[in-house]
Amino acid sequence: MLDKTFQPAEMEARLYGEWEARGFFKAGRKPKAKPFTIVIPPPNVTGSLHMGHALNNTIQDILTRFERMRGRDVLWQPGTDHAGIATQMVVERLLQTENNTDRRTMGREAFLKRVWQWKEESGDTISRQLRRLGASCDWSRERFTMDEGLSKAVLKVFVQLYKEGLIYKDKRLVNWDPVFQTAISDLEVETRETKGAMWSFAYPLVEGEIGGISEIVISTTRPETMLGDGAVAVHPSDERYKKLIGKLVRLPIAERHIPIITDEYPDPEFGTGAVKITGAHDFNDFEVARRNNIPLIKLMDTQARMIVTPENNVPERYAGKDRYGAREMVLKEIEELGFLRGREDKIIPQPFGDRSNVVIEPMLTEQWYVNAAELAKPAIAAVEKGDTVFVPRNWDKTYFEWMKNIQPWCISRQLWWGHQIPAWYGSDGEIFVEETENLALAAAQRHYGSRVALTRDEDVLDTWFSSALWPFSTLGWPDKTPELKRHYKTDVLVTGFDIIFFWVARMMMMGLHFMKEVPFHTVYIHALVRDERGQKMSKSKGNVIDPLELIDEFGADALRFTLAAMAAQGRDIKLAKSRVEGYRNFATKLWNAARFAEMNGVARDENYDPVAARVTVNRWIAGEAARTAKSVSRAIEEHKYNEAAAALYHFVWNIYCDWYLELIKPILTGEDAAAKTETRASAAWALDQILLLLHPFMPFITEELWQKTAAREHWLIDAGWPSYKGLGDKAADAEIEWMIRLISEVRSVRAEMNVPAGAKISCVIISAAKETRRRAAQWEDEIMRLARLSAITFEDKVPKASAQIVLGEATVALPLEGVIDFAAEKARLNKELDKIAKDTAAIEARLNNPGFAAKAPEEVLTETRDRKTELEGRRARMKEAMKRLG
RNA sequence: GGGCGAUUAGCUCAGUUGGUAGAGCACUGUGUUCACAUCGCAGGGGUCACUGGUUCGAGUCCAGUAUCGCCCACCA
């Protein structure tokens, strides 16, 4: 016997263990079937399951379980990402607290060993948590971006792109993170509005005075960079400065002379219209300097501290000062020198490292770049052609927008944890890019004519470089594995919009370049999960809802169902805990329905054929099941998970529980043995359909219930998706037939009954849920009232027993409910009459509209006329009912 | 500055070929003899942000306004 409420915790762990142990998640179980492939967006090894993961993986799991049941040979390829900066950060912090040491003291080799050790110990946190969610990944194929195989792929890609000229080295400004002391890509920079100020400095003219002007005033938000100014620029059309163009000004503190130049960049309307040009520490200025041959003067070291070099003329006293210390000093000295011309508080956009949370410094360094513009071309074309489709569609705009304006991708990082760049240097700086050191040495020998020693590039690659290869590297590329042949291209990529640029775009580029085919035909972009108030969840805000806590409290099924139900194609999901609670209740409801079935001897009959059902109500439920299955399948195919969830919820609760189970009660307790037998089989069959259809969404409770009712060998996860040949229309007809008979029976019952004046008892059709009323209204809106007013003479308060009406083959129960308050009932009727009057007026207005008659489609016209008739009939019956009430 | 999106019941959200406004939670009343109080039954609550247009008919299509949010962008 099933327990009164279901307890997810124990059940989930047990079932998941069984599934995995029996190999149900493994690809290749149906070698002849069409494959279905999803690669997981690899979570960071450092990560733990957050709500975004929960949503992302719930959707993938719904898809994979659905397709598995539909007979496809499913591969859900799991794995994790080595997450360069994030992981290095975690381990460095660990070293600090545990050993009070740092990576530089340890040395590269020892440090990397320590990171690997950490990975072995803690790297599987996230996959354990994904299991708790129920994710049916093929764990036997789990990959890690720094695996041997994937690393091989990275080397091959790098070398090939280099040799094709698509990877190159360049010296230009990069976004420099002074905490991690590495370059980062544009995408890893987050612009934030911060409180700052804009100062105005005067630079005196070297010649003294020209036409009454003795100085030029510039504005800056970063005073410390003035030490690196190479020029002052004005717009060529700016009349104010015409006379000064080409003249020199004296740069205070640095005591250098710099020219006044013209460039299109300065906006004459902004500030004084004169801009200081600091080519080595500002992206705009860099471009201006490059155009005008202005020297780039580097002021800072890798930690963004001031350095003094022969080239930069920075006074000795600045050496070692950080940017902010230097700023204070410059301001003080400028003021003392009498060159400060103003200060204004201002909100300024500042670049921050998205991981380090410090202000990024533009730095002049040599880095490796990918020619992204070239690789983007086929990636753009593929989406234009429809080889890859974004769902929802409008995301392709975002994709195009970025791809068409794509900048060179800086792929080198000055970190240790990651794929070390396969580039070796000769003593003269000659570069040899090869997959192995031996190949590089050989290449060097060819180049120099003799064996020479080479030094390897110290840098590692951007984490996203290896992620970009994920759809084929995980399948074994560059080896020609059977998996690669079978599973590339993959079917669907499920991901959030926040990594379209980081990841999706780059997979498209790499996939097309190396596989000559798009990596996936569909990209399903889901929303971000936010908190109840729409705030992004973040640790600092303290509004993080931990999916694992929700699983503990409500069960994985409830969480999954909630996420699916809220995964409409919007921008974000505001997660309310109450919603999860509601779906937990849904699971309980299902559980109890099964419990009821069990208590009433409902048991699966393998030979039961719903098409051949004799009892009408059984034919009807079969039709409803078929209809539900159809809409669930379609909704999943169209990635409308909320619709699928809604259809299931409705079927389980409002159709199966509220209607069907109530209606079969009298049959199950009745005398007709044949009807009883059939109904038991039917109830079991319908419950099975629920379990099957609901399984992709709520795998645990459905499997558990399936197990309780089936032979042990028979696993739901391995069962087929139901199909309902010959069930559709027939069952729908049966429903209508049944409803009509029900109505007429109720009517005759009423007619036969004398309702004595002042009668106090009313009778209600069983399960008068809202849904029941609505359904009844489809044919006979009045049915509930009729039943209610078909008062039966009973003496006193009636127990919840039921009066039974025999409806041909079906027996319908009319339980008697409570004492009726006639005054209240009359008021209710009056109110309803008002509403009917209003509705009738509206309908009439419409029908009287000449345009409506002329232009509305026939269906709509008949529908409207029918409604009018119905309203009129209802009105008449209402009045009659009022009369009866006295 | 450019782009995208949102605005529907107290709250969180559904609502695509334009044709009678929905769910969950919360709320009110009521019922615990047997599937389920994580429940049943009854009920209250919406000028679908605003303005105009197209249409016989607009939450749904178009234009504009307001508010909010996100993404991208070099204003010192």
Side-chain angles (χ1 to χ4, degrees), chain A residues 2 4-6 186-187 191 198 218-222 225 233 265-267 269-278 282-288 348-349 394-395 397-398 401-402 405 497-498 500-501 528 530 532-536 554 558 562 565-566 568 570-600 640 642-643 645-646 649-650 657-658 661-662 665 764 767-770 772 799-801 815 817-818 824 828 839 842-843 845-846 848-857 859-861 863-864 867 871:
Chain A
L2 294 172
K4 200 164 177 181
T5 56
F6 91 103
D186 298 346
L187 290 174
T191 307
M198 190 159 78
I218 55 86
S219 301
T220 181
T221 56
R222 300 200 50 201
T225 63
Y265 167 60
D267 175 3
E269 305 291 316
F270 188 90
T272 60
V275 183
K276 67 194 265 301
I277 300 300
T278 319
D282 183 282
F283 286 97
N284 295 313
D285 293 6
F286 178 75
E287 294 303 322
V288 177
I348 49 173
N394 53 320
W395 286 109
K397 271 189 192 150
T398 307
E401 169 76 15
W402 189 69
N405 298 298
F497 62 81
D498 52 332
I500 290 180
F501 303 147
L528 293 188
R530 297 173 189 283
E532 228 160 322
R533 294 191 308 271
Q535 304 273 322
K536 204 167 179 169
F554 301 112
T562 308
M566 298 188 82
R571 278 256 168 171
D572 46 20
I573 293 176
K574 286 181 218 157
L575 186 76
K577 200 172 164 181
S578 58
R579 194 90 189 246
V580 186
E581 195 180 347
Y583 291 122
R584 188 271 319 264
N585 296 352
F586 173 60
T588 306
K589 186 75 179 176
L590 173 62
W591 184 264
N592 277 293
R595 185 162 180 261
F596 168 80
E598 187 188 47
M599 291 168 78
N600 284 280
K640 293 177 177 171
N642 58 324
E643 286 183 14
Y649 186 93
H650 179 252
C657 293
D658 285 351
L661 292 185
E662 295 297 339
K665 276 177 181 172
V764 180
S767 187
K770 270 188 193 160
T772 312
K800 225 178 170 179
E817 191 155 289
R828 211 173 296 157
D839 289 355
I843 291 268
R846 180 190 277 191
N848 291 336
N849 185 335
F852 181 69
K855 300 202 179 177
E859 297 164 21
V860 178
L861 278 172
E863 212 172 273
T864 312
R867 173 140 177 80
L871 279 173

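Lettering of chains follows the sequences in order, A, B, ..., and the numbering in each one begins at 1. Only a predicted model underlies this, so the values are computations on that prediction, with no experimental measurement involved.
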| query | Of D186(A) and D282(A), whose nearest nucleotide on RNA chain B comes first from the 5' end? | reply | D186(A)
| request: Check whether any side-chain heavy atom of T864(A) sits under 4.5 Å from a side-chain heavy atom of I843(A), and report yes or no. | output: yes
Roughly how far apart, to the nearest Å, are [N] and [M] at atom [atom1]?
N       : M       : atom1 : answer
rU16(B) : rC61(B) : C1'   : 11 Å
rU7(B)  : rA14(B) : C1'   : 15 Å
rU28(B) : rC50(B) : P     : 30 Å
rC75(B) : rU17(B) : C1'   : 47 Å
rG53(B) : rG18(B) : C1'   : 15 Å
rU12(B) : rG2(B)  : P     : 31 Å
rA42(B) : rC25(B) : P     : 15 Å
rG29(B) : rA66(B) : C1'   : 41 Å

Given atom [atom1] of [X] and atom [atom2] of [N], what is their separation to the nearest angstrom?
X       : N       : atom1 : atom2 : value
M566(A) : rG15(B) : CE    : P     : 12 Å
H650(A) : rG22(B) : NE2   : P     : 12 Å
I348(A) : rC74(B) : CD1   : P     : 15 Å
F270(A) : rC74(B) : CZ    : C1'   : 11 Å
I500(A) : rC72(B) : CD1   : C1'   : 12 Å
W402(A) : rC71(B) : CH2   : C1'   : 13 Å
E643(A) : rA23(B) : CD    : C1'   : 13 Å
E863(A) : rG18(B) : CD    : C1'   : 14 Å

| Judged by modelled atom types alone, do T225(A) and K276(A) share a side-chain donor-acceptor pair under 3.5 Å? | yes
| message | For RNA chain B, report each stem as range with range, ordered by first number, or say none. Use Watson-Crick or G-U wobble pairs under 3.5 Å, at least 3 in a row. | response | B:1-7 with B:66-72, B:10-13 with B:22-25, B:27-31 with B:39-43, B:49-53 with B:61-65
| said: Starting the side chain at C-beta, find the nucleotide from rG19(B), rA76(B), rG5(B) nearest to N394(A). | reply: rG5(B)
| query | Where the side chain of D267(A) is defined as all heavy atoms beyond and including C-beta, which of rG24(B), rA76(B), rU20(B) is the nearest nucleotide? | reply | rA76(B)
| query | Can you list the residues that meet the ring-ring contact (aromatic ring centres under 6.0 Å, His included) rule with F286(A), with sequence neighbours excluded? | reply | none
| With a non-hydrogen cut-off below 4.0 angstrom, is F283(A) in contact with a base, only sugar-phosphate, or nothing? | nothing
| message | Counting the atoms with a prime plus P, OP1 and OP2 as sugar-phosphate, which does K397(A) contact under 4.0 Å by heavy atoms, base, sugar-phosphate, or nothing? | response | sugar-phosphate
| request: Provide the closest heavy-atom pair for F554(A) versus R584(A) in the form atom of the first, atom of the second, distance. | output: O-CG, 3.4 Å
Restricting to side chain to side chain contact (heavy atoms under 4.5 Å, CB included), what partner residues turn up for [X], sequence neighbours left out?
X       : result
T221(A) : M198(A), I348(A)
A597(A) : V602(A)
N405(A) : E401(A)

Taking only residues two or more places apart in sequence or in another chain, which ones pass side-chain hydrogen bond (donor to acceptor under 3.5 Å, both in side chains) with [X]?
X       : result
R846(A) : none
D186(A) : N175(A)
Y265(A) : N284(A)
N592(A) : none

| query | Taking OP1 and OP2 of rC72(B), is either one under 4.0 Å from a side-chain nitrogen or oxygen of N405(A)? | reply | no
Using a cut-off of under 3.5 Å, enumerate the N/O to N/O pairs linking the protein to nucleotides 35-38 of chain B.
from    : atom 1 : to      : atom 2 : distance (Å)
rA35(B) : O3'    : R595(A) : NH1    : 3.2
rA35(B) : O2'    : N592(A) : OD1    : 2.9
rA35(B) : O2'    : R595(A) : NH1    : 2.9
rA35(B) : N6     : E662(A) : OE2    : 3.3
rA35(B) : N3     : N592(A) : O      : 2.9
rA35(B) : N3     : A593(A) : N      : 3.3
rC36(B) : O4'    : N592(A) : OD1    : 3.0
rC36(B) : O4'    : N592(A) : ND2    : 3.4
rC36(B) : O2'    : N592(A) : ND2    : 3.4
rC36(B) : O2     : K589(A) : NZ     : 2.8
rC36(B) : N3     : K589(A) : NZ     : 3.1
rU38(B) : O4'    : N585(A) : OD1    : 3.2
rU38(B) : O2     : R584(A) : NE     : 2.9
rU38(B) : O2     : T588(A) : OG1    : 2.5

| remark: Those residues at least two apart in sequence (or on a different chain) that pass salt bridge (Lys or Arg N to Asp or Glu O under 4.0 Å) with R222(A) are E224(A), E361(A)
| Does any donor-acceptor pair link the side chain of K640(A) with the base of rU16(B) at a separation under 3.5 Å? | yes
Every protein N/O lying under 3.5 Å from an N/O of nucleotides 54-58 of chain B:
from    : atom 1 : to      : atom 2 : distance (Å)
rC56(B) : OP1    : K855(A) : NZ     : 2.1
rC56(B) : O2'    : N849(A) : OD1    : 3.3
rC56(B) : O2'    : N849(A) : ND2    : 2.1

| Backbone N/O of T278(A) and side chain of D282(A): donor-acceptor pair under 3.5 Å | no
